[in-house]
Number of protein chains: 2
Amino acid sequence: MSTERVTIRHVAHSAGVSVATVSRVFAQSSSVSEELTARVLDAARRLGYTPHAVAQSLASGRTRVVGVLVPNLANPYFYALIKNMLHEADRDGYRLIVADSDESLAAEPALGMSLLGRSDGLIMLSPRCGSEVLKELGGQGKPIMVVNRQIDELGLSSVLLDNFTPMRQLAMHTVELGHRHLVYLQGPVRSWQEKERWRAMRSLRVPGVTVTPIRAGGTMENGRDSADRVLATGCTAVLAHNDLTAIGLIAGLNEHGVSVPGDISVTGFDDIPFARFTSPALTTVHSPQEDIGRATWRMTAGLLHGDRPGARTMLTTQPVIRASTAPPK
Amino acid sequence: MSTERVTIRHVAHSAGVSVATVSRVFAQSSSVSEELTARVLDAARRLGYTPHAVAQSLASGRTRVVGVLVPNLANPYFYALIKNMLHEADRDGYRLIVADSDESLAAEPALGMSLLGRSDGLIMLSPRCGSEVLKELGGQGKPIMVVNRQIDELGLSSVLLDNFTPMRQLAMHTVELGHRHLVYLQGPVRSWQEKERWRAMRSLRVPGVTVTPIRAGGTMENGRDSADRVLATGCTAVLAHNDLTAIGLIAGLNEHGVSVPGDISVTGFDDIPFARFTSPALTTVHSPQEDIGRATWRMTAGLLHGDRPGARTMLTTQPVIRASTAPPK
DNA sequence: CCTTGACAAGTAACCGGTTTCACAGCAAGG
DNA sequence: CCTTGCTGTGAAACCGGTTACTTGTCAAGG
């Protein structure tokens with residue numbers, strides 16, 4: 001059963017070289033003569049040697065692991081992002097370790113610290129925690145990437161998607177369709193994205209057009225449960241914080257016998273894979289997860305290689321008009 | 001910036017004890033006198049000492065990390081499972097490290113090995129790889145849990161959900177509604193779940209009822225793209241491999257002007273969160289992710305504590321009848 | 001011919017903990 | 001008073017690699 005682990009020393013002995021040489025052969029950095037390289041590789045193969053990742057980490061000080069802290073894995077928005085990053089990271093020989101804070105503000109610091117303890121850096125997706133927590137995490141001396149949140153004070157690198165512009169465009173789209181009474185279904189209050197989207201809605205100063213905010217929360221359940229309050233406003237178009245809320249709302253409206261977009265138009269945000277497959281297909285704002293994921297990883301990799309932190313990448317995107325919006329009756 | 005790391009020796013020196021004592025205080029296992037414990041904890045606090053996770057792992061041989069290999073993170077089925085396991089594991093002080101094989105059979109061995117290298121064990125969700133790969137992974141001497149796949153030869157522990165019974169019940173449900181010509185939309189051919197579900201369909205020997213299999217693949221895109229072939233059969237009910245395929249199919253049928261369940265009834269499998277929010281709400285089989293996740297973690301934790309592998313937990317479940325099934329016209 | 005430099009390979013310190021083993025101190029038992 | 005046994009503590013080996021430093025070799029340059 002517990003076959004003694006084959007270590008670098010066994011290989012060294014078997015190949016008739018020093019452990020340093022074996023290490024060098026596997027590191028591929030320093031030069032080792034053709035012959036010795038062959039002897040080492042041969043011995044390693046014969047003995048079935050595999051480097052001990054943990055020992056490598058301790059000795060080299062690098063774990064080749066990066067932590068990812070997600071507010072909620074149950075949101076397709078995040079796993080699309082994670083999936084992309086997983087692959088980008090894999091290509092560079094890095095592994096991602098994921099923790100889910102379950103929308104709990106209180107859990108973020110501890111989880112973050114714990115992740116940092118086992119990794120070379122931390123990627124925080126849509127963190128809601130206070131900046132003092134971010135500062136403390138940054139104090140560990142390891143790279144920290146922040147996604148979907150603008151941090152000015154601390155010199156943290158970040159990747160952002162311009163939420164304001166497309167949200168405004170989306171709102172204008174409904175106005176151009178002829179809607180005059182809009183409702184904005186708010187998401188998690190502390191999230192930067194929510195703030196940006198709501199800011200876009202507020203910025204919409206068109207004569208004769210009113211925007212009513214309704215607090216929801218960002219989940220499908222929240223969306224469905226908002227149906228009553230939405231109907232009470234007598235609005236003809238609802239712009240939801242994200243796709244999940246929009247999908248929930250549509251289901252809720254259907255239950256009330258209200259048709260979308262016949263009676264009320266509804267929009268989302270994120271363009272999660274499902275948005276294309278709902279009926280009616282959802283008008284939303286496309287969030288380029290591939291780009292965000294790639295940009296995030298590239299910047300993280302840069303930080304790991306010693307880049308100076310503080311860079312900010314701002315990506316842009318546009319609304320996607322599908323079938324859930326139509327002129328009012 | 002790079003403040004010298006505070007090690008156990010600093011703490012020991014500052015508290016006037018040996019490193020062994022400090023280690024013992026933090027391990028909480030061996031007994032250390034009240035007084036020394038207090039001195040050590042005080043010194044640790046003063047110096048801001050945090051144990052070095054990697055060093056602990058190397059020295060103790062345990063990483064307190066468990067790897068999870070997922071065929072496709074983009075499937076809500078899996079992340080619901082993962083999310084549950086994340087929390088169960090967290091409670092026991094374990095962290096999960098996730099890799100996504102992206103439905104690629106070829107990637108499974110390498111990813112699995114890599115995960116095992118940094119962890120104390122491996123949880124494989126719906127693995128499609130050959131049993132020789134599983135055997136090789138098991139040969140590392142670390143616990144392996146297999147979910148959603150029946151392995152007889154190797155003595156691996158597994159958690160299974162009885163797919164056969166509820167699938168059969170679901171099919172019977174459509175038959176009882178009056179459907180005579182059923183289509184079964186197949187998922188990933190190599191998956192155990194697919195085999196079980198298809199076995200259930202084939203077992204349905206009711207006079208006058210035919211079952212036509214159509215190969216799809218398990219994603220929403222696959223479902224939508226199957227609409228043509230489904231319509232060509234002239235069937236009145238389609239049982240899809242899973243919810244994703246069903247949702248895709250419904251969207252595809254809608255595009256063809258076919259209404260669900262008016263013209264054709266459609267069912268899914270898994271009861272992903274979205275299933276409740278589609279219109280029509282999806283008739284499906286509920287998959288108890290909380291139970292599966294909890295059972296999986298509990299068994300994994302058991303293995304980590306030295307339980308003998310080979311146990312098999314079989315969970316059961318039932319169909320959930322919603323609005324996507326109705327009597328044929 | 002001797003120095004200098006480049007380079008291959010080895011030696012051993014080190015990463016930061018855990019754990020075995022030895023030892024000191026003390027109480028109980030004979 | 002001398003074993004015996006137990007408990008709390010320390011010294012040091014160890015986990016399995018990496019890497020700074022040293023040594024030895026050989027070719028080029030003066």
Side-chain angles (χ1 to χ4, degrees), chain A residues 2-41 43-44 47-65 93 116-120 140-142, chain B residues 2-41 43-44 47-65 93 116-120 140-142:
Chain A
S2 168
T3 51
E4 274 311 302
R5 173 170 252 289
V6 180
T7 75
I8 202 174
R9 304 182 207 262
H10 297 148
V11 178
H13 182 255
S14 165
V17 301
S18 73
V19 292
T21 301
V22 178
S23 176
R24 290 191 183 107
V25 167
F26 280 89
Q28 294 175 333
S29 57
S30 315
S31 53
V32 178
S33 73
E34 290 273 327
E35 193 214 330
L36 287 197
T37 302
R39 286 228 308 268
V40 166
L41 289 179
L47 273 55
Y49 168 74
T50 340
H52 191 294
V54 176
Q56 287 181 311
S57 297
L58 178 59
S60 66
R62 291 176 304 120
T63 63
R64 307 231 110 204
V65 169
L116 265 184
R118 322 190 157 286
S119 57
D120 296 341
Q140 297 295 301
K142 293 179 181 176
Chain B
S2 167
T3 51
E4 273 310 302
R5 173 169 252 287
V6 180
T7 76
I8 202 174
R9 304 183 207 260
H10 297 147
V11 177
H13 183 254
S14 163
V17 301
S18 74
V19 293
T21 301
V22 178
S23 176
R24 290 190 182 108
V25 167
F26 280 89
Q28 296 176 330
S29 59
S30 317
S31 55
V32 178
S33 73
E34 289 272 325
E35 194 213 329
L36 287 198
T37 302
R39 285 226 309 266
V40 166
L41 289 180
L47 273 52
Y49 168 74
T50 340
H52 192 294
V54 175
Q56 286 181 313
S57 298
L58 178 60
S60 67
R62 291 176 304 120
T63 63
R64 308 229 109 205
V65 169
L116 265 184
R118 322 189 155 285
S119 58
D120 295 342
Q140 296 295 300
K142 294 179 179 175

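The shown structure was predicted, so the numbers you read here are calculated from the model rather than taken from an experiment. Chain letters run A, B, ... following the sequence lines, proteins first, then strands; residues in each count from 1.
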Mind calculating the distance between [atom1] ([X]) and [atom2] ([N]) to the nearest angstrom?
| X | N | atom1 | atom2 | result |
| --- | --- | --- | --- | --- |
| A:Arg39 | C:dA8 | CZ | C1' | 13 Å |
| A:Leu36 | C:dC7 | CG | P | 17 Å |
| B:Leu47 | C:dG17 | CG | P | 12 Å |
| B:Arg64 | C:dT18 | CZ | C1' | 14 Å |

- Message: Assess the residue pair B:Arg118 and A:Arg118 against the criterion (side chain to side chain contact (heavy atoms under 4.5 Å, CB included)); give the C-alpha distance rounded to whole Å, side-chain angles, the decisive distance to 0.1 Å, and a yes or no.
- Response: CA-CA 10 Å; B:Arg118 322 189 155 285; A:Arg118 322 190 157 286; over 6 Å; no

- Message: Exactly one of B:Val25, B:Thr21, B:Val17 should register a side chain to side chain contact (heavy atoms under 4.5 Å, CB included) with B:Arg39. Which one does?
- Response: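 Among B:Val25, B:Thr21, B:Val17, the one that satisfies the side chain to side chain contact (heavy atoms under 4.5 Å, CB included) with B:Arg39 is B:Val17.
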
- Flag side-chain contact, heavy atom, 4.5 Å: B:Leu58 against A:His52: yes

- Task: Evaluate the side-chain proximity of B:Thr37 to B:Glu34: yes if any heavy-atom separation is below 4.5 Å, no if none is.
- Result: no

Under-3.5 Å N/O pairs linking protein and nucleotides 20-25 of chain C:
residue	atom	partner	partner atom	Å
C:dT20	O4	B:Arg24	NH2	3.3

What's [X] touching, base or sugar-phosphate or nothing? Going by heavy atoms closer than 4.0 Å.
| X | value |
| --- | --- |
| B:Val17 | sugar-phosphate |
| A:Ser23 | base |
| B:Val22 | nothing |
| B:Thr21 | sugar-phosphate |
| A:Ser31 | sugar-phosphate |

- For DNA chain D, whose closest nucleotide is more 5', that of B:Arg9 or that of A:Ala55?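 Of the two residues, B:Arg9 wins.
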
- Anything under 4.0 Å to a heavy atom of chain B counts; send over the first and last such nucleotide of DNA chain D, read 5' to 3'. D:dG8 to D:dG16

- Given C:dT19, C:dG17, C:dA9, the nucleotide with the shortest approach to the side chain of A:Ser33: C:dA9

- Task: Working to the nearest 0.5 Å, report the span between CG of B:Leu41 and CG of B:Leu36.
- Result: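 Here the interatomic distance stands at 10.5 Å.
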
- About how many Å separate OG of A:Ser18 and CZ of A:Arg9, when rounded to the nearest 0.5 Å?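 The CZ atom of A:Arg9 sits 10.5 Å away from the OG atom of A:Ser18.
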
- Shortest non-hydrogen separation from B:Val32 to B:Arg24 and the atoms involved: CG2-CB, 3.7 Å

- Task: Please round to 10 degrees the angle between the axis of the first five pairs and the axis of the last five pairs in the helix from C:dC1-D:dG30 to C:dG30-D:dC1.
- Result: 50°

